[in-house]
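Some notes on the structure that comes next.
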Protein chains: 2
Amino acid sequence: MKGIRRLAQHLDISIGTVSRALNGKPDVNEETRRRVLQAATELGYVPNQSGRSLRQGTTNIIGFMIQTGTEITGQGDIFFMSVFDGVQAVFARHKLDLVALLCSSQEDPNDYLRRVVARGFADGLILSATQRNDPRIEFLAERNIPFVTLGRSLTDAGQPWLDLDFEGMAQASIDRLVARGHRRIAITRPHDDVNLGYIFVDRCRQALAAHGLPLEEDLIFRSTPNEAGGYQIARDLLALKEPPTAIVLINETIAIGFYQALSEAGVKPGRDIAVIGRYSPHAHFLSPPLTCFRLSLRDLGIALAETLLSAMPAFKDHYPDAPANKVWPMELVEGESDAFLVPQR
Amino acid sequence: MKGIRRLAQHLDISIGTVSRALNGKPDVNEETRRRVLQAATELGYVPNQSGRSLRQGTTNIIGFMIQTGTEITGQGDIFFMSVFDGVQAVFARHKLDLVALLCSSQEDPNDYLRRVVARGFADGLILSATQRNDPRIEFLAERNIPFVTLGRSLTDAGQPWLDLDFEGMAQASIDRLVARGHRRIAITRPHDDVNLGYIFVDRCRQALAAHGLPLEEDLIFRSTPNEAGGYQIARDLLALKEPPTAIVLINETIAIGFYQALSEAGVKPGRDIAVIGRYSPHAHFLSPPLTCFRLSLRDLGIALAETLLSAMPAFKDHYPDAPANKVWPMELVEGESDAFLVPQR
DNA sequence: TTGGCAACCGTAAACGTTTACGGAACTATG
DNA sequence: CATAGTTCCGTAAACGTTTACGGTTGCCAA
């Protein structure tokens, strides 16, 4: 005898009553409820996931889809770990469990998602690495699966999304650098077609134009979002006939490789070139400290969770004013890497 | 009409036959099997996870338990992403899905594990952040849940485990440094009681003793396994009356902070002090390049998967000679950070 | 006493699969 | 032709829950 039956037999009571007692339903004497709860913890009873979700069509699981094999995602060391922690802080209140759905680098993300969804694995989904055009969005929207994406997409099905404020970063960086006399400003973008690259580049171009400056094509550097990518950017940059006097790095970890290649060439950030990047735990431990844009990843996770829940009928009442879409602000942390002032002629 | 019934009705066939056809069972005409398979892909049918696993008591899911909120584990995203990718390469062959079971930093890992297991969530488990004494191991062993741990433990229930070769790293590092004339050698260990700290320290002590050298207590530095921890270590080390001439860093990311604190004090690795550490993607982009111990995380993941499967009755035949326990070797990557030779007196 | 109501509980159906079992149609063998 | 064997398929039970429904008990008022 297993499961709820065992518990019922042990208490000499029907399984229906046991279930009602455990799930906080009415129609059960408070005294028996107490006995059931106690026996449950004593015997270590936990409702079987399959049975429960088969019956009520809900799993109490939220999936956070990420792709393994880091060459692709390029997020910094602890990016997801921090976001997860924030998400869970919210989910814990509703007895929801967060699992990371790991899409292998060998499998197409769309196929993977179809499989997971069709199997009825999760009640809701959080998507990361949102593509500029992302079929996953249409797919989920069609089937009415609650989800939220981390990152905007051109694919618009009215879905909720959160994204980092790359426009704000672009605008502030350009304004700051121009104010310090820079005229030739380089920027970087991811090597693949992830949407943030387009957003960032476009806004940089606008911001420059507002100052009457062009965004020169050979000053837009594509790279893999890792240390090696940053190294390569610096090498390419230094090889130009007329190198830029400033650069804005869009990814977190590329700063390490970028610094190293500069250092090998005797070029010092903050003295010979201005560098602005993204915060990650090592940003302060570069020399000179990196001027960078930071955000609280944990808070971002909290917001993701709240936005998702507000899109789920069962929970929306708890989060009446969670925004369906939000551009998450980043804060400028002043380092010394952008101290370089261009001498005015 | 949904699920398998819909498919059966569409083909004018019984659900039993459909199920048999899909699952590759005998007793089904090859022609009808073909029709079923085709209709399944056409209608996008995927068996419901709950129904299936309720019936056959198996989920085809393997859980990789990790703790979120990295202050504790110190392993970054890239670490797990790479390991995951290796694990999945193996699992894909058996139609097993890997999900990451995310234990919030707010919840006790043992409680979390009990919940997950009791719910019948996964067919097998991979545990990381193994503790020196780890109740999770007893728990899983008692219930006969197949699992493997990444990291040894004093808790021995005959469970399979894989671990990095910290003994080999300790031995090789000490021998190498002693051969270069070092007599005062510092080492680091994690701030918490994770088992690898004990293993590493013990072997360093042995290796030093073999050379007739003591391991001085004030040369063992505890730190959080991140950049800030490495920074603090360097500060403390430089503040000693008689600083060591060499150090072995046990964690990956602490090298960045360590380098920075040295640099601020005008001390250069490889010239003024010998440094040996662990490989991570930035190791080559430090200056000078870090001499470090490296391993293939993807291969480690593959081995983890194979060892786990060899502990599962349903799959053990495929992996007759997967080792139940293995100390995974690390390879020394020569940088320049340990080039410092102690002048002989 | 009778009726009604409230409080509590048991029964059984349902969720979507898999699979043991038996039966029908054919084929081969004697 | 009778029998046995093979191939294929349908039926129904089972997995562990939740929950609609109805039934029993006790109490109170009429």
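Here is how names work: the chains are called A, B, and so on, in the same order as the sequence lines, proteins then strands, and each is numbered from 1.
Separation of the A:Tyr319 and A:His94 ring centroids falls under the 6.0 Å cut-off.
Among the nucleotides D:dC8, C:dG10, D:dG10, the one closest to any side-chain atom of B:Asn29 is D:dC8.
Listed here is the closest heavy atom pair of B:Cys103 and B:Pro109: SG-CA, 3.8 Å. The two residues B:Ile302 and B:Gly86 come nearest to each other via the heavy atoms CG1-O, 3.4 Å. A:Thr130 and A:Ile137 get closest at one heavy-atom pair: CG2-CD1, 4.2 Å.
For residues 111-122 of chain A, proximity to DNA chain C is found at no residue, defined as any non-hydrogen atom under 4.0 angstrom from a strand atom.
In this structure, A:Asp27 reaches the bases: a heavy-atom distance under 4.0 Å links it to at least one base atom across the strands shown. When heavy atoms are screened at a 4.0 angstrom cut-off, B:Thr32 is found touching the sugar-phosphate backbone but no base atom.
With no hydrogens or angles considered, a side-chain donor-acceptor pair links B:Asp123 and B:Thr58 at under 3.5 Å.
Look at CZ on B:Arg34: it is 15 Å from P on D:dC8, rounded to the nearest Å.
Distances shorter than 4.0 Å separate none of the side-chain N or O atoms of B:Ser14 from OP1 or OP2 on D:dC9.
Distance check, rounded to the nearest 0.5 Å: CG of B:Asn48 to CZ of B:Arg55 gives 15.0 Å.
Using a distance-only test at 3.5 Å, with no hydrogens or angles considered, no donor-acceptor pair links the side chain of B:Asn133 to the main chain of B:Thr155.
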Heavy-atom contacts, protein to nucleotides 13-18 of chain C, under 4.0 Å, summarised as B (base), S (sugar-phosphate only) or - (none) per nt, yield BBBBBB
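Using cut-offs of 30° and 60° for the angle between ring planes, the B:Phe315 and B:His318 rings count as tilted.
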